[in-house]
Amino acid sequence: MITLEDCIGLCGLTKQEVLAISEHEHIPEIAASALASYLLSGQHGTEKIRDMIVDDIREAQDSDDRAHVLTLLHVLHRFLRMHPEAEPSQHPWSAFF
């Protein structure tokens, strides 16, 4: 039987990145791992994932959930290190921090 950890391991993202997609899309983690795999294989998919994480950060800020904001900032930082093609030339979210 394939587990959630197996699916996450096969999708190309970390568990925290998959959880961010799950949170953004309001879908189960296993579905988020499939979506992650699909997005990573497509054109501009990493940019879409980046935008999902940024949206999650903004939502956590609006909810005054500082701990979640910090967690998601770490997720975004790691994601951009691993996928430099997703890094925008300008950081449109930096004005929020």
Side-chain angles (χ1 to χ4, degrees):
M1 178 193 267
I2 294 179
T3 66
L4 173 60
E5 287 75 25
D6 294 332
C7 291
I8 290 172
L10 292 171
C11 80
L13 294 182
T14 66
K15 183 174 183 174
Q16 292 80 15
E17 292 162 343
V18 170
L19 291 174
I21 293 171
S22 173
E23 177 182 337
H24 185 269
E25 297 297 307
H26 307 285
I27 58 176
E29 290 98 0
I30 201 150
S33 68
L35 178 57
S37 182
Y38 170 77
L39 289 173
L40 287 174
S41 68
Q43 189 174 12
H44 305 293
T46 56
E47 295 162 9
K48 292 174 185 174
I49 294 170
R50 176 205 62 214
D51 292 345
M52 289 180 192
I53 298 169
V54 171
D55 286 347
D56 289 346
I57 292 169
R58 289 182 178 148
E59 189 171 316
Q61 284 180 312
D62 291 343
S63 300
D64 281 332
D65 189 348
R66 294 178 61 84
H68 195 46
V69 169
L70 288 175
T71 298
L72 288 168
L73 284 171
H74 288 288
V75 170
L76 179 62
H77 176 74
R78 189 230 173 256
F79 180 77
L80 292 175
R81 268 190 301 131
M82 298 306 295
H83 301 280
E85 71 279 4
E87 189 168 337
S89 57
Q90 293 184 348
H91 295 274
W93 56 81
S94 62
F96 294 97
F97 304 110

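What you see is a predicted model; the values in this text were computed from it and never measured. One is the number of the first residue; the rest follow in order along the sequence.
- Side chain of Asp62 to main chain of Glu59: no donor-acceptor pair is present (N/O by atom type, distance under 3.5 Å, no hydrogens or angles).
- Cluster annotation: Leu19 is not connected to Leu70 through the hydrophobic network of ILVMFWY side chains, with a link wherever side-chain heavy atoms come within less than 4.5 Å.
- In this structure, Met52 is not a member of the same hydrophobic cluster as Met82, with clusters built from ILVMFWY side-chain heavy atoms closer than 4.5 Å.
- Nearest heavy atom pair, residue Glu85 against residue Glu47, reads O-OE2, 4.0 Å.
- Here the side chains of His83 and Leu13 are in contact, with some heavy-atom distance below 4.5 Å.
- If you take CG on Asp51 and NE2 on His44, they are separated by 11.5 Å, rounding to the nearest 0.5 Å.
- Across Ala36 and Ile49, no two heavy atoms sit closer than the pair O-CD1, 4.3 Å.
- In terms of hydrophobic clustering, with Ile, Leu, Val, Met, Phe, Trp and Tyr side chains grouped at heavy-atom distances under 4.5 Å, Ile27 and Tyr38 are assigned to a common cluster.
- Side-chain atoms of Ser33 and Ile30, non-hydrogen and from C-beta on, do get closer than 4.5 Å to each other.
- Here the NZ-CD distance, from Lys48 to Gln43, works out to 8.5 Å after rounding to the nearest 0.5 Å.
- Nearest approach of Leu40 to Cys11, heavy atoms of both residues: CD1-O, 3.2 Å.
- Under the 4.0 Å criterion applied to side-chain N and carboxylate O atoms, Arg78 and Glu17 are assigned as salt-bridge partners.
- Placement of Ile53 and Val69 within a single hydrophobic cluster is found when ILVMFWY residues are connected by side-chain heavy-atom separations under 4.5 Å, directly or transitively.
- No side-chain heavy atom of Leu39 sits less than 4.5 Å from a side-chain heavy atom of Thr46.
- Screening Thr3, Val18, Thr14 for a side chain to side chain contact (heavy atoms under 4.5 Å, CB included) involving Ile8 leaves a single residue, Val18.
- The shortest side-chain heavy-atom distance between Val75 and Asp56 does not fall under the 4.5 Å cut-off.
- Put simply, CD1 on Ile57 and CG on Leu76 are 4.5 Å apart, with the number rounded to the nearest 0.5 Å.
- Sorted by first then second residue, the side-chain hydrogen bond (donor to acceptor under 3.5 Å, both in side chains) pairs that include residues 18-27, not counting sequence neighbours, are Glu23-His68, His24-Asp55.
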